[in-house]
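Since the structure comes first, as structure tokens, the remarks are kept for the end.
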Amino acid sequence: MPELPEVETVCRSLRPHLVGRKISHIEVIEARLRAPIDEGALAQLVGRKIVAIGRKGKYILIRLDGGKVWVFHLGMSGKLVCLASKTALRKHDHIVVQLNRGGEFRYHDPRRFGISLVTTTDALGELAQLRRLGVDPFDPELTGAYLFHFTRSSHRRIRDLLFDQQIIAGLGNIYANEVLFLTGVKPAARAYRLTRKQVQRIAETIPELLRQAIRWCGTSFSDYRDADDKRGAFQNHLRVYDRDGEACRVCPSIIKRISLGNRSAFYCPSCQK
DNA sequence: CGGTGGACCTGCTGGC
DNA sequence: TGCCAGCAGGTCCACC
């Protein structure tokens, strides 16, 4: 579900509800996520105040006083939603967190591909999951030269390389396909065949596209929602993703869908070479 | 080593 | 209407 714009939107919508609030109770209903939830570690968060919420790549970092950090990854179908206390439990609500002075938030995830783990500010840098992440798309380190270093020596398809989190942390299948449309490159192109100039354009376009998607609060097909359970609107602005059979927004061609690896790729056969 | 394909899990859609 | 195959925004690991 969630790529960087959706994760960023979730962080922004969580902040007004959570920052400055104290956790008064945590209940785990289903511990079997991608890795089992460590309930002992969660118990140590009770009584602490949430001081900041941020993200690294697609990971959400909830920082608490005393140096604790609660890390979430939403997987494909995870949601963090804020609710009034005593709202009836729904199917797939796996963690329920009560706040002092009322209110709560929940981790909800039908497919259970998500992650919840607890660490400390000091140990954050050693977390394997975070350590292997590449540059953030908004980091000035994401330059044409940085990306070309990877593309020039790789025989992978460019679409696959763009959503490799070890290279750029934040793109998934939607935005990788969209960037390639905006830069006129076919998703199946082998990375090493791209010119320096094409790669430069891709590197420049990535933050522009993501900024635009964040402005629309992300892309909602079926399950993605922010912390207020609101949908994003960027699905109305997608150029190729999920638009196979429809007209290209730029030329008269019809958008095609192909299977690359185990994921669909979408492109315009005349705008993309 | 780099690259690919499958596994993990539930729910929805479309074809028959 | 019902059933079943195929597919979904992500990540990781075994295998060639």
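Just so it is clear, the values below take in all heavy atoms, side chains as well, and ignore hydrogens, waters and symmetry mates. Numbered from 1 within each chain, the chains take letters A, B, ... in sequence-line order.
Neither OP1 nor OP2 of dG10(C) sits under 4.0 Å from any side-chain N or O of His73(A). The phosphate of dG11(B) has OP1 or OP2 within less than 4.0 Å of a side-chain N or O from Lys91(A). Within the 4.0 Å cut-off from OP1 or OP2 of dG3(B), not a single side-chain nitrogen or oxygen of Arg190(A) is found.
Listed nucleotides dG9(C), dC12(C), dG10(C) differ in distance to Lys58(A); the shortest reach to its side chain belongs to dG10(C). Residue Arg132(A) has its side chain nearest to dC12(C) when only dA8(C), dC12(C), dG3(B) are considered. Comparing dA8(C), dC12(C), dG9(C) by their nearest atom to the side chain of Ser264(A) picks out dA8(C). The side chain of Arg112(A) sits closest to dT10(B) out of dC12(C), dT10(B), dG9(C). Closest contact between the side chain of Arg111(A) and the listed nucleotides dG10(C), dA8(C), dT4(B) involves dA8(C). Listed nucleotides dT11(C), dG11(B), dT4(B) differ in distance to Arg34(A); the shortest reach to its side chain belongs to dT11(C). For Arg156(A), counting side-chain heavy atoms from C-beta on, the closest listed nucleotide (dG9(C), dT10(B), dT4(B)) is dT4(B).
Under the 4.5 Å side-chain heavy-atom criterion for ILVMFWY residues, a single connected hydrophobic cluster contains both Leu45(A) and Leu99(A).
By the 4.0 Å N-to-carboxylate-O rule, Asp93(A) lies close enough to Arg106(A) to be salt-bridged with it.
Residues Gln44(A) and Lys68(A) are in side-chain contact: their nearest non-hydrogen atoms beyond the backbone lie under 4.5 Å apart.
Taking atom CG on Asp164(A) and atom P on dG3(B), their separation rounds to 10 Å, with Å as the unit. As a whole-Å value, the separation of Lys79(A) NZ from dC9(B) P is 21 Å. Per the geometry, CG belonging to Leu133(A) stands 14 Å off P belonging to dG10(C), to the nearest Å. To the nearest angstrom, C1' of dG3(B) lies 11 Å from NE2 of His155(A).
Among the heavy atoms of the strands, none lies under 4.0 Å from Tyr175(A). In this structure, Arg257(A) reaches the sugar-phosphate backbone alone: every heavy-atom distance under 4.0 Å involves primed, P, OP1 or OP2 atoms, never a base. Among the protein residues, Ser222(A) comes within range of the nucleic acid bases, having at least one heavy atom under 4.0 Å from a base atom.
Across the P atoms, dT11(C) and dC1(B) are found 23 Å apart, a figure rounded to whole Å.
For the residue pair Tyr107(A) / Asp109(A), a side-chain donor-acceptor distance below 3.5 Å is found, with atom types taken as modelled.
Summary of the strand contacts: Phe221(A) and Ile115(A) both lie near DNA chain C, and taking for each the nucleotide with the nearest heavy atom, the more 5' one is attributed to Phe221(A).
Side-chain atoms of Asn262(A) and base atoms of dG5(B) include no donor and acceptor less than 3.5 Å apart.
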- Carefully, step by step, assess Tyr241(A) and Thr219(A) under the rule side-chain hydrogen bond (donor to acceptor under 3.5 Å, both in side chains). CA-CA 11 Å; Tyr241(A) 188 87; Thr219(A) 301; over 6 Å; no
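Stacking annotation: Phe113(A) is stacked on the base of dC8(B) (ring centroids less than 5.5 angstrom apart, interplanar angle below 30 degrees).
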